[in-house]
Amino acid sequence: MLLFSLEQFNYLARPLWRSAKFKRGFFKTRRFTNHELFLTIKNKVAGQKCYIFGAFAPPDENLLNLLLLGHTLKKESARKVTALVPYLGYGRQDKNEKNKSWGLAWMGNLLAVSGIDKIITVDIHNPQSAHLLKKPIVSLKSNGLFAAALNQDKIKFDSILAPDEGARERCQWLKQALKTTAPLAFCKKTRGPGGVSVSGIVGQWRGSRVLIHDDILDTGGTLIAACQAARNAGAKEIVIAVTHGLFTGAKWLQLWRLGVKKIYTTKR
């Protein structure tokens, strides 16, 4: 099996290259004088299973490189091409709303014509929307990683809080991995022109220490609203576990002023 990697993902690919299962795939990209992307594969790939470590997320060159590489591998008769994308970009654009882009469905169309046969990711934003990608997808769960880290640090909490209803299942997986009897609650979230707001907390709740779990921390709007709701419900100490720590902008820094003691995230 051959494993290709976009340059910025080499640090994730190296342990796999050192294993006996994968051989390193080599390719080179350059730009024509008019900035068109051009790619050359350095391996014989006919009949081979090929993997690409990369991303659909910005900068957009990531997406273009991955799709053009996939297309070129298939053109050269690769048997199967699998995209390894730890964070599934455009995963939040999973609803068909009037006058708004439907990014995940668009991504599915791009994959269909670019030779990608399968996708492996971590904690897809909405598992029910995976069909939009039109390709088989494996979404690896991060709950075991977080449970190990929280147990190692001996983090104490009285309740687990999902920042919105969609995160309840994810929090339930973490609860099972932690083997805890702590109650699980979720926030009633609404999103309007002014941003995210929480009208209240639904479910069981106890104590003053809370663990909040979600898949993405981007600007932090959802988690800020959840922390404010937790504080209003009596929380004094908050720990956050979030799979994809994007940490865009500075708004998320407000979390430290809302009683957050620690933020756990996977390596980017």
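All values below were derived from every heavy atom in this structure, side-chain atoms included, with hydrogens, water molecules and symmetry-related copies excluded.
- Within the structure, ring pair (Phe, Tyr, Trp, His ring centres under 6.0 Å) contacts touching residues 93-115 (residues at least two apart or in different chains) are Tyr90-Trp106.
- Counting only distance, with no hydrogens or angles, the side chain of Asn43 and the backbone of Val45 share no donor-acceptor pair below 3.5 Å.
- The aromatic ring centroids of Tyr51 and Phe22 lie less than 6.0 Å from each other.
- Judged by distance alone, the side chain of Trp252 and the main-chain N or O of Asp218 form no donor-acceptor pair under 3.5 Å.
- Between the side chains of Gln93 and Ser101, a donor-acceptor pair is found at a separation under 3.5 Å.
- No side-chain heavy atom of Ile119 sits under 4.5 Å from any side-chain heavy atom of Thr82.
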Can you give each donor-acceptor pair under 3.5 Å made by side-chain atoms of residues 173-187, sequence neighbours left out, with the distance rounded to 0.1 Å?
unit_1 : atom_1 : unit_2 : atom_2 : d
Lys175 : NZ     : Ala182 : O      : 3.0
Thr180 : OG1    : Ala182 : N      : 3.0

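- A search for side-chain contact (heavy atoms from CB on, under 4.5 Å) contacts involving Ser114 returns Leu67, not counting sequence neighbours.
- Counting only residues at least two apart or in different chains, ring pair (Phe, Tyr, Trp, His ring centres under 6.0 Å) contacts with residues 112-132 are absent.
- Grouping Ile, Leu, Val, Met, Phe, Trp and Tyr residues whose side-chain heavy atoms lie under 4.5 Å apart, directly or via other members, places Phe38 in a hydrophobic cluster with Phe32.
- Proximity of Ile238 to Arg209: side-chain heavy atoms (C-beta onward) are nowhere separated by under 4.5 Å.
- Remark: side-chain polar atoms of Asp158 are paired, donor with acceptor, to backbone N or O of Ser208 under 3.5 angstrom.
- Smallest separation of non-hydrogen atoms from Glu36 and Asn34: OE2-ND2, 3.0 Å.
- Remark: Asp214 engages no residue in a side-chain hydrogen bond (donor to acceptor under 3.5 Å, both in side chains) (not counting sequence neighbours).
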